[in-house]
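Down below is the structure, laid out as structure tokens.
Computed from heavy atoms alone, side chains included, the values below leave out hydrogens, waters and symmetry copies.
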Amino acid sequence: MKFLKLNDVGSRGWFIGDYPEALIQTDQFEVCYDEVEKLSCEPHYHTKCREIILINEGIVMAGNRECRKGDIIIFEKGDINDIIGITDYKIVVVKVPAGGDDKIVL
């Protein structure tokens, strides 16, 4: 059994994936936990992976739709991730497959 802190593994909340600092290294998928301030927005898309986002807390807008705790948003390869927080929010993000060099910021 191990006990770790998110800040001690990965980068920017990414703690499972295909990079040296990962708690678990795999090229199959990446997992991130993030706490984001309201009104933060970085529209982007991915050229290789699907991005699945679980809203754990807060309210966001994505694709002109309001999403809340328990909602899951799936961005297919090429879909624009335009999430913006109406409130501060907490999310878990899974990217399939791993390989985080495919992000295109708009």
Side-chain angles (χ1 to χ4, degrees):
M1 183 179 304
K2 294 181 183 179
F3 296 92
L4 302 161
K5 297 283 188 190
L6 185 61
N7 291 340
D8 296 334
V9 297
S11 173
R12 297 183 349 257
W14 292 97
F15 61 98
I16 298 175
D18 191 18
Y19 44 90
E21 307 86 15
L23 172 65
I24 297 173
Q25 294 183 358
T26 178
D27 63 357
Q28 301 298 305
F29 59 93
E30 296 176 348
V31 180
C32 172
Y33 171 78
D34 202 4
E35 297 180 356
V36 186
E37 293 181 3
K38 70 179 180 179
L39 301 180
S40 293
C41 184
E42 183 182 64
H44 66 278
Y45 65 92
H46 292 275
T47 60
K48 298 178 190 171
C49 72
R50 172 185 300 166
E51 191 171 30
I52 301 113
I53 300 175
L54 167 64
I55 310 300
N56 289 348
E57 187 177 300
I59 303 169
V60 303
M61 293 294 292
N64 293 319
R65 181 173 170 173
E66 187 175 283
C67 301
R68 298 172 174 266
K69 180 178 180 176
D71 288 340
I72 298 171
I73 307 163
I74 300 173
F75 294 99
E76 299 292 344
K77 177 177 70 173
D79 286 351
I80 296 174
N81 176 337
D82 62 348
I83 287 180
I84 186 165
I86 303 304
T87 66
D88 292 351
Y89 62 99
K90 298 176 183 179
I91 55 177
V92 173
V93 182
V94 178
K95 291 191 336 186
V96 181
D101 61 348
D102 71 326
K103 182 177 180 177
I104 307 296
V105 177
L106 303 174

Can you tell me how far the [atom1] atom of [X] sits from the [atom2] atom of [Y], to the nearest 0.5 Å?
X	Y	atom1	atom2	value
Ile83	Ser40	CD1	OG	11.5 Å
Asp27	Glu30	CG	CD	10.0 Å
Asp18	Lys95	CG	NZ	11.0 Å
Asn56	Tyr89	CG	OH	12.0 Å

| field | Pairs involving residues 66-75, ordered by first then second residue, that meet side-chain hydrogen bond (donor to acceptor under 3.5 Å, both in side chains) (sequence neighbours left out) | value | Glu66-Arg68

Sequence neighbours left out, cut at 3.5 Å: what donor-acceptor pairs do the side chains of residues 3-10 make with other protein atoms?
none

To check you understand the geometry: which heavy-atom pair defines the closest contact between [X] and [Y], and what is its length?
X	Y	answer
Glu42	Val105	CG-CG1, 3.9 Å
Thr26	Ile16	CG2-CG2, 3.9 Å
Tyr45	Ile80	CB-CA, 4.3 Å
Arg12	Cys32	O-SG, 3.7 Å
Ile73	Ala62	CD1-CB, 3.9 Å
Cys49	Pro97	CB-O, 3.4 Å

| message | Please identify which of these residues, Glu51, His46, His44, meets the side chain to side chain contact (heavy atoms under 4.5 Å, CB included) condition with Phe75. | response |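 It is Glu51, the one option of Glu51, His46, His44 that forms the side chain to side chain contact (heavy atoms under 4.5 Å, CB included) with Phe75.
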
| query | So, the side chain of Asp102 versus the backbone of Lys48: is there a donor-acceptor pair under 3.5 Å, distance only? | reply | yes

| said: Looking at Asp82 and Pro43, would you say the former's side chain and the latter's main chain have a donor-acceptor pair under 3.5 Å? | reply: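 Side chain of Asp82 to backbone of Pro43: no pair is present.
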
ILVMFWY network linking [X] to [Y], side-chain heavy atoms under 4.5 angstrom:
X	Y	result
Ile52	Ile24	yes
Ile84	Ile59	yes
Val96	Val31	yes
Val36	Ile86	no
Ile55	Val93	yes

So, do [X] and [Y] sit near enough that their side-chain heavy atoms are less than 4.5 Å apart?
X	Y	result
Val60	Ile53	no
Asp88	Lys38	yes
Arg50	Lys77	no
Glu76	Ile74	yes

| request: Identify, with sequence neighbours excluded, every residue that meets side chain to side chain contact (heavy atoms under 4.5 Å, CB included) alongside Glu35. | output: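 Scan of Glu35 (side chain to side chain contact (heavy atoms under 4.5 Å, CB included), adjacent residues dropped) gives Tyr33, Lys90.
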
